[in-house]
Amino acid sequence: MSPILSIIIPCFNSEATLEATLESVVSQNFQEWEALIINDGSRDKTEEIALKWVTKDSRFKYYSKENEGLGKTRNYGIERAKGIYILPLDSDNLVERDFGEKALKVFKNNLNVGVVHGYAEYFGGREGLWKIDDFNLQKMLAHNYIDACAIFKKDLWRKVGGYDENMPHQGHEDWEFWVSLSSIDTVFFNLHEITFKYFVSNKSMIHSFTDSMVFLNQDYIVKKHSKLFHNEYAKVVALREIETKERSRKLKSKKFVIDLFCKTFLGLTVFKNKFE
């Protein structure tokens, strides 16, 4: 039977964390999965650990290639995936036991949904809840706030051409991917509960980013999706103009001026009716 969910696990020198990550995959309630472990040119015992799990469970698949970075490695795995749905899982994170099960129910009951995500729990160098907000296009265009550990339809990955492999610097592939999905009106669904555990380390790739590197990636994304950015900017400007005109209209009302004064300095409202 073909798997329904394909879990893509890129690895680079992951011997310290991979064991726990794969253990979390096996421990899921949902069992119709495959897990593709992609070794991106590791020089430690990553391969040894991966092959041990392949021997234990045939649902694990192992691939080894030269080091090319996260975006290309994810694409490499997804291209070979057989599942209808994709879950990118970093080799130091842990998927929650019921994430796959609950996500698949959402997809079944809401055919228009393309991405299911949730909250995260920090562990390692930090503890606590990462309460990830619902999807908002304008917020997403400003910065990425939804982690890659979300389940999405493979067909959508095909439609947008996968993760961008040509960004100036590796590290913002997730952001560009979510923006690309936004450009084709993909619906995001937030489970509003913890769906994975996020490992915090001062050795993470993002800590090596300089301001210049961040700017070059931002500039690349804005130029690639210039139409989307312009459309949203135009909406914001138009909304502000409407609000300015409405406030100007209200200021012409004596009732509004009196009420604004009383509310500001006395903390009470004099007129309850709408102003004309």
Listed partners of K61 passing salt bridge (charged side-chain N to carboxylate O under 4.0 Å, His left out), at least two apart
none
Taking L51's backbone N and O only, do any of them form a donor-acceptor pair with T55's side chain (distance below 3.5 Å, no angle check)?
yes
Could you tell me whether the side chain of D174 reaches within less than 4.5 Å of the side chain of Y163, counting heavy atoms only?
yes
Quick one: does any side-chain atom of N190 pair with a main-chain N or O of H192 as donor and acceptor, under 3.5 Å?
yes
Are L5 and V54 connected, step by step, through hydrophobic side chains (Ile, Leu, Val, Met, Phe, Trp, Tyr) whose heavy atoms are closer than 4.5 Å?
yes
Using atom types as modelled and distance alone, determine if a side-chain donor or acceptor of W53 lies under 3.5 Å from a backbone N or O of I37.
no
Checking side-chain contact (heavy atoms from CB on, under 4.5 Å) for the pair E47/S42: CA distance, chi angles, key distance, verdict?
CA-CA 8 Å; E47 181 171 80; S42 298; over 6 Å; no
Are N39 and K65 packed together at the side-chain level, in the sense that at least one heavy-atom pair is separated by less than 4.5 angstrom?
no
Gap separating the NZ atom of K45 from the CG atom of L18, nearest 0.5 angstrom
13.5 Å
Exercise: do D92 and T17 side chains pair donor with acceptor under 3.5 Å
no
Just one of T46, T73, N13 clears the side chain to side chain donor-acceptor pair (under 3.5 Å) bar with D40, so which one?
T73
Of all pairs that satisfy salt bridge (charged side-chain N to carboxylate O under 4.0 Å, His left out), the ones with a partner from residues 131-150, not counting sequence neighbours:
D133-K139
With distance as the sole test, does D219 use its side chain to make a donor-acceptor pair with the main-chain N or O of F215 at under 3.5 Å?
no
Quick one: side chains of residues 117-128, donor-acceptor pairs under 3.5 Å with protein atoms, not counting sequence neighbours, listed by atom name and distance.
none

Which of these, E68, K72, Q170, sits in a side chain to side chain contact (heavy atoms under 4.5 Å, CB included) with E165?
K72
N75 side chain vs G162 backbone, donor-acceptor pair below 3.5 Å:
no
Tell me whether L89 is reachable from Y76 by hopping between hydrophobic residues (I, L, V, M, F, W, Y) whose side-chain heavy atoms are closer than 4.5 Å.
no
Check this for me: K105, atom NZ, are more than 12 non-hydrogen atoms of other residues, nucleotides or ligands nearer than 6.0 Å?
no
Would D155 and K153 pass as an ion pair if we require N to O under 4.0 Å?
no
I7 reachable from L22 in the ILVMFWY side-chain graph, under 4.5 Å edges
yes
Look at the side chain of S14 and the backbone N and O of C11, then say whether any donor-acceptor pair between them is shorter than 3.5 Å.
no
My understanding is that a hydrophobic cluster links ILVMFWY residues whose side chain heavy atoms are under 4.5 Å apart, including indirect links. Using that, what else belongs to the cluster containing F12?
none
When you measure from the side chain of K154 to the backbone N and O of I78, does any donor-acceptor pair fall under 3.5 Å?
yes
Less than 4.0 Å between a side-chain N and a carboxylate O, is that true for K224 and D164?
yes
Which heavy atom in W178 sits nearest to a heavy atom in I146, and how many Å separate them?
NE1-O, 2.8 Å
Apart from V237 itself, its cluster of hydrophobic side chains linked below 4.5 Å comprises Y233
Basic-acidic side-chain contact under 4.0 Å: K197, E96:
yes
Are F189 and V179 connected in a single hydrophobic cluster, I mean Ile/Leu/Val/Met/Phe/Trp/Tyr linked by side-chain heavy atoms less than 4.5 Å apart?
no
Is there side-chain contact between V115 and F135, with at least one heavy-atom pair below 4.5 Å?
no
Passing option when Y85 is tested against W157, F152, F107, W33 for ring pair (Phe, Tyr, Trp, His ring centres under 6.0 Å):
F107
Can you list the steps and then say if D90 with R74 is a salt bridge (Lys or Arg N to Asp or Glu O under 4.0 Å)?
CA-CA 10 Å; D90 289 349; R74 284 206 186 118; 3.2 Å; yes
In a table with atom names and distances, give each donor-acceptor pair under 3.5 Å that connects a side chain of residues 23-30 to protein atoms at least two apart or in another chain.
unit_1, atom_1, unit_2, atom_2, d
S24, OG, T21, O, 2.6
S24, OG, V95, N, 3.2
S27, OG, E23, O, 2.8
Q28, NE2, V25, O, 3.0
N29, ND2, E101, OE1, 3.3

